[in-house]
Amino acid sequence: MDMLVLEQLSPIQYVSQFCRVNGRRRTLFRHYFTKNDRDRDGSINKRELQSALRDLYAQSINTEQVNAILDLLDIDKSVRAFELDVFIAVAAFSERYLYYCYSLAVQDQSERRMVLEETDFCALRWKLEGCKISDKLRNVLRVL
């Protein structure tokens with residue numbers, strides 16, 4: 001990836017454009033999006049997005065965790081509506097974020113990320129040196 005392109009992206013733009021979601025996960029996320037799209041207009045507001053994420057995890061995550069995900073993705077109060085593709089990206093990122101939080105608490109190394117998965121982001125600090133990206137996007141990349 002060209003680092004100049006990366007410098008122009010917000011965290012939510014990065015996740016929306018470069019997050020790959022398999023068909024089964026996409027179908028699952030679409031279900032929760034549709035279930036929480038109360039007015040059936042094809043977009044959800046922030047409250048509906050929060051509700052959809054909590055539904056996705058069977059209410060096992062709290063509002064603080066949802067807000068942390070939205071904050072990392074730099075989704076603020078000015079964003080009024082979320083389309084399906086953005087919700088799918090947020091939901092996929094939330095899985096990685098919650099896994100990241102869980103793995104920090106886990107002492108058993110066998111449950112941590114596989115070495116092959118880590119190689120994509122190997123030497124991330126070095127790769128981003130001199131790149132003018134936001135701190136929020138740096139944090140998103142670190143979680144991934």
Side-chain angles (χ1 to χ4, degrees), residues 1-108 110-125 127-128 131-144:
M1 166 183 281
D2 183 353
M3 291 300 168
L4 292 176
V5 171
L6 192 61
E7 289 179 1
Q8 305 302 315
L9 297 175
S10 70
I12 190 63
Q13 289 170 325
Y14 175 83
V15 171
S16 295
Q17 290 178 26
F18 296 103
C19 182
R20 302 286 183 252
V21 180
N22 73 33
R24 289 176 47 197
R25 302 305 296 164
R26 184 174 288 280
T27 299
L28 177 69
F29 299 152
R30 184 181 305 113
H31 167 76
Y32 285 102
F33 177 88
T34 303
K35 178 181 175 188
N36 286 278
D37 181 10
R38 305 278 187 244
D39 56 5
R40 303 288 182 238
D41 65 349
S43 65
I44 57 176
N45 61 35
K46 189 173 179 181
R47 187 176 3 184
E48 291 169 331
L49 176 117
Q50 291 171 324
S51 177
L53 285 177
R54 296 209 54 227
D55 281 353
L56 175 64
Y57 296 107
Q59 307 299 323
S60 66
I61 64 172
N62 60 39
T63 304
E64 288 176 1
Q65 290 168 306
V66 172
N67 288 336
I69 292 164
L70 299 180
D71 185 54
L72 258 176
L73 292 174
D74 207 17
I75 296 173
D76 60 14
K77 292 176 179 69
S78 66
V79 179
R80 299 268 185 239
F82 303 89
E83 304 298 320
L84 175 61
D85 287 341
V86 173
F87 175 73
I88 288 172
V90 170
F93 176 77
S94 73
E95 288 183 331
R96 182 56 65 111
Y97 172 77
L98 294 169
Y99 175 79
Y100 172 79
C101 292
Y102 170 75
S103 70
L104 290 177
V106 171
Q107 299 300 320
D108 183 5
S110 68
E111 292 187 43
R112 293 199 177 203
R113 196 179 291 172
M114 302 279 293
V115 173
L116 180 62
E117 191 174 341
E118 289 180 356
T119 59
D120 286 346
F121 291 95
C122 181
L124 181 64
R125 189 175 300 140
K127 289 176 182 177
L128 294 178
C131 190
K132 298 172 186 147
I133 63 172
S134 71
D135 289 338
K136 295 228 181 203
L137 182 54
R138 280 184 196 277
N139 289 336
V140 166
L141 293 172
R142 188 173 44 106
V143 167
L144 293 174

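What's counted below: heavy atoms across the whole structure, side chains too, no hydrogens, waters or symmetry copies.
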Problem - Validation row: Phe82, Lys46 side chains within 4.5 angstrom (heavy atoms) - result: yes
Exercise for the section: Give, for atom CG of Asn45 and atom CG of Asp37, the distance between the pair rounded to the nearest 0.5 Å. Expected result: 9.0 Å
Handout entry: Spacing of CD1 belonging to Ile75 relative to OG belonging to Ser10, to within rounding of 0.5 Å
Key = 8.5 Å
Handout entry: Check: Leu53 and Phe87 side chains under 4.5 Å, non-hydrogen atoms
Key = yes
Problem - Straight-line distance of Leu4 CG to Lys132 NZ, nearest 0.5 Å - result: 9.0 Å
Exercise for the section: Could you pull out the closest heavy-atom pair between Arg20 and Gln17, with the gap in Å? Expected result: NH1-O, 3.4 Å
Handout entry: Distance (rounded to the nearest 0.5 Å) between Glu7 CD and Ser134 OG
Key = 11.0 Å
Exercise for the section: State the SG-CZ distance between Cys131 and Arg138, to the nearest 0.5 angstrom. Expected result: 6.5 Å
Problem - Sole residue of Asp55, Leu56, Ile44 in side-chain contact (heavy atoms from CB on, under 4.5 Å) with Lys35 - result: Asp55
Handout entry: Nearest atoms (heavy-atom pairs only) where Arg26 meets Asp85
Key = NH1-OD1, 3.9 Å
Exercise for the section: Determine whether more than 12 heavy atoms belonging to other residues, nucleotides or ligands lie under 6.0 Å from atom CD of Glu64. Expected result: no
Exercise for the section: Might you point out which heavy atoms bring Ala68 and Tyr97 nearest each other, and give the distance in Å? Expected result: CB-OH, 3.5 Å
Completion exercise
Nearest heavy-atom contact between Arg38 and Ser51 is NH2-OG, 3.8 Å
Completion exercise
Heavy-atom nearest pair, Val15 first then Ala89, reads CG1-O, 3.4 Å
Practice task
Please examine the side chains of Ile12 and Asp74, heavy atoms only from C-beta on, and report whether any two atoms are closer than 4.5 Å.
Solution key: no
Practice task
Answer whether the closest heavy-atom distance between the side chains of Leu137 and Leu6 falls below 4.5 Å.
Solution key: yes
Problem - Test item: Gln50 and Asn36 side chains (from C-beta on) under 4.5 Å apart, heavy atoms - result: no
Handout entry: Closest non-hydrogen atom pair between Ile69 and Ser94, with its separation
Key = CD1-CB, 3.5 Å
Handout entry: Any donor-acceptor N/O pair, Thr34 side chain to Arg30 backbone, under 3.5 Å
Key = yes
Problem - Crowding at CZ, Arg40 (>12 non-hydrogen neighbours, <6.0 Å) - result: yes
Handout entry: Side-chain heavy atoms of Ile88 within contact of Glu83, under 4.5 Å
Key = no
Exercise for the section: Please round to the nearest 0.5 Å and tell me the distance separating atom CD1 of Ile133 and atom CD of Gln8. Expected result: 11.5 Å
Practice task
Answer yes or no: is there a side-chain heavy-atom contact under 4.5 Å between Phe93 and Val143?
Solution key: yes
